There are 2 protein chains.
Amino acid sequence: MTLTTAEENYLKAIYHLSDGGTKSVSTNDVAAEIKTKAASVSDMLRKLGEKEVIEYRKYYGVNITEEGKKRALQTIRKHRLWEVFLVDKLQFAWDEVHEVAEELEHIQSPLLIQRLDEFLNYPKFDPHGDPIPDEFGDVRARPRVALIEMDINQTGQIVAVKDSSAAFLKYLDKVGAYIGARIKVLDKVEFDGSMEILVDQKKTLFMSKDVAANILAIQS
Amino acid sequence: MTLTTAEENYLKAIYHLSDGGTKSVSTNDVAAEIKTKAASVSDMLRKLGEKEVIEYRKYYGVNITEEGKKRALQTIRKHRLWEVFLVDKLQFAWDEVHEVAEELEHIQSPLLIQRLDEFLNYPKFDPHGDPIPDEFGDVRARPRVALIEMDINQTGQIVAVKDSSAAFLKYLDKVGAYIGARIKVLDKVEFDGSMEILVDQKKTLFMSKDVAANILAIQS
DNA sequence: TCATATTTTTAGTCACACCTAAAACTATAA
DNA sequence: TTATAGTTTTAGGTGTGACTAAAAATATGA
Ligand SMILES: [Mn+2]
Ligand SMILES: [Mn+2]
Ligand SMILES: [Mn+2]
Ligand SMILES: [Mn+2]
């Protein structure tokens with residue numbers, strides 16, 4: 001059973017909104033994510049339910065099935081491998097890859113993805129720090145925490161961003177925050193939740209709580 | 001004005017069938033090329049006519065316009081660049097690339113194609129020896145002749161194939177004919193049009209007239 | 001020239017993926 | 001408990017790109 005491009009996009013959205021299948025998702029949430037109308041979503045949910053990649057109970061939202069999870073992870077794998085290709089091989093900036101990967105992820109060719117993976121030397125993470133599922137859908141997840149959750153004097157390393165929008169990524173480029181940077185929390189301002197972060201033991205960075213909530217780190 | 005994937009495929013077919021815009025093309029010819037029905041083609045020709053990429057006179061076939069030619073060449077450029085990528089970087093065989101390139105050619109991103117061209121070091125020909133148009137649609141065409149047209153004792157070099165089907169390409173792999181091979185016509189059998197070809201001054205190849213008609217060479 | 005074969009277009013239908021408007025259902029809080 | 005706000009589904013419709021069957025136009029050759 002094959003999925004259309006639209007069906008793959010919906011399934012991926014449901015997978016993300018459900019935190020990898022751990023909770024159910026509402027019609028309106030899907031509509032917002034896909035940027036379409038609730039009526040269109042209802043239609044599509046019925047179809048995805050018939051294909052048994054989601055479990056759909058009218059008026060009570062959807063849950064992704066095991067089969068659906070597997071399919072979604074395949075699409076996510078392709079999306080992230082293409083992002084690595086664009087950044088590592090074609091010198092795209094990390095804020096330029098999302099749109100194109102959104103198209104490339106739907107190309108149907110198992111051989112292509114296998115060879116691309118090999119060509120990229122089996123990367124484990126995409127340019128935004130998100131893990132790349134293997135061909136069986138298995139993900140090597142790292143325990144990640146938002147900067148905002150870290151305490152003063154704690155150290156760690158930036159490993160990913162929660163928000164992959166071009167605006168946010170460009171801002172990070174500008175201030176010199178990048179994936180792999182070693183960090184230390186110098187201060188947390190109680191009044192507005194903003195933070196002062198030491199980057200690579202030399203540069204001090206001030207960031208709002210909105211920024212700090214969208215940078216993910218591993219603690220050390 | 002943007003073209004859909006289907007429209008791009010039709011336009012490319014019309015471009016090829018018209019020998020690069022030099023002759024008009026019938027509805028049935030397009031239907032055969034696209035593997036669809038004449039009724040569907042009539043519908044699409046009306047739409048392409050409205051978009052002014054073809055000139056469509058009911059019952060008298062179509063001619064591609066200058067704008068249409070430009071569009072078709074952009075798609076052909078993308079198709080052939082992807083084929084080079086698949087063969088040179090991902091170790092695809094030359095008979096495995098067509099289907100995938102047929103999908104990849106529709107990805108919309110000028111930056112992607114510019115960077116891909118650069119990454120591949122501005123190739124001038126695809127794996128089947130076909131020329132890759134530049135970003136303005138200009139093609140450096142070589143004067144090519146089918147092997148079947150060559151005379152005894154003439155020498156040359158294989159530069160392309162007319163038929164890019166997997167069956168034909170696999171056959172060429174098997175017998176050791178490849179693009180770049182230096183050749184000499186040793187014999188032409190009048191009875192059945194078959195030929196005897198010396199490859200790289202060491203190997204003798206017997207081929208039917210059907211095979212000889214689908215191998216293109218430059219004469220030396 | 002005129003009958004017939006061939007090609008092409010038109011008419012009507014379908015699946016897909018979207019839309020708006022209206023109806024149906026659920027959640028909430030007075 | 002019940003009115004109402006909010007959510008979701010249904011009904012009906014659109015554009016795209018395919019199909020079959022039938023009608024119309026063109027090409028052919030006796
Ligand atoms: Mn997508
Ligand atoms: Mn990413
Ligand atoms: Mn194509
Ligand atoms: Mn080719």
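So you know, we letter chains A, B, ... as the sequences are listed, proteins then strands, and number each from 1. Remember, predicted model here, so these are calculated numbers, not experimental data.
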For A/D19, the side chain to side chain donor-acceptor pair (under 3.5 Å) test, sequence neighbours excluded, returns A/K23
Rounded distance (nearest 0.5 Å) linking atom CG of A/L86 with atom CD of A/E96 | 9.5 Å
So does A/S26 get a side-chain nitrogen or oxygen closer than 4.0 Å to the phosphate oxygens (OP1/OP2) of D/dT7?
-> no
Name the one of A/E7, A/E33, A/E102 that satisfies salt bridge (Lys or Arg N to Asp or Glu O under 4.0 Å) with A/K12?
-> A/E102
Examine B/R115 relative to A/F92 and say whether NZ or CZ is less than 6.0 Å from the centre of the six-membered ring and inside a 45° cone about the ring axis.
-> yes
Proximity to DNA chain C (any heavy atom under 4.0 Å), residues of residues 28-38 of chain A only | A/T36, A/K37
Compare every heavy atom of B/V185 with every heavy atom of B/D151, then report the nearest pair and how far apart it is.
-> O-CB, 3.3 Å
Paired and unpaired positions of DNA chain D as dot-bracket, Watson-Crick or G-U wobble under 3.5 Å, | denoting a partner strand | ||||||||||||||||||||||||||||||
B/I107 vs B/L112 side-chain heavy atoms within contact, under 4.5 Å = yes
Output yes when B/R46 and B/E50 qualify as a salt bridge under the 4.0 Å nitrogen-oxygen rule, no when they do not.
-> yes
Rounded to whole angstroms, how far apart are CG on B/L3 and P on D/dT16?
-> 12 Å
Applying side chain to side chain donor-acceptor pair (under 3.5 Å), run through B/W94 and B/D173 and close with a yes or a no.
-> CA-CA 9 Å; B/W94 68 340; B/D173 280 342; 3.1 Å; yes
Leading and trailing nucleotides of DNA chain C with any atom under 4.0 Å from heavy atoms of chain A = C/dC16 to C/dT26
Beyond-backbone contact of A/D43 with A/S40, side-chain heavy atoms, under 4.5 angstrom | no
Axial cation check for A/F125 ring with A/R140, 6.0 Å and 45° limits = no
The correct set of residues in residues 41-51 of chain B placing a heavy atom under 4.0 Å from DNA chain C is B/S42
May I ask you to decide if the ring planes of A/F85 and B/F119 are parallel, tilted or perpendicular, using 30° and 60° as cut-offs?
-> perpendicular
Assign A/A39 to base, sugar-phosphate, or nothing according to its heavy-atom contacts below 4.0 angstrom with the strands shown.
-> base
Check whether any side-chain heavy atom of B/V145 sits under 4.5 Å from a side-chain heavy atom of B/M150, and report yes or no.
-> yes
So what does A/T27 touch, heavy atoms closer than 4.0 Å: a base, only the sugar-phosphate, or nothing?
-> sugar-phosphate
Identify all pairs in which a protein N or O lies below 3.5 Å from an N or O of nucleotides 23-25 of chain D, and state each distance.
from: D/dA25; atom 1: O4'; to: B/Y59; atom 2: OH; distance (Å): 3.4

Where is the tightest heavy-atom contact between A/V159 and A/I218, given as atom of each residue plus distance?
-> CG1-CG1, 3.7 Å
Taking the six-membered ring for Trp and the single ring otherwise, decide whether the centroids of A/H79 and A/H98 are under 6.0 Å apart.
-> yes
Do you know the tightest heavy-atom contact between B/K69 and B/G21?
-> CE-CA, 4.4 Å
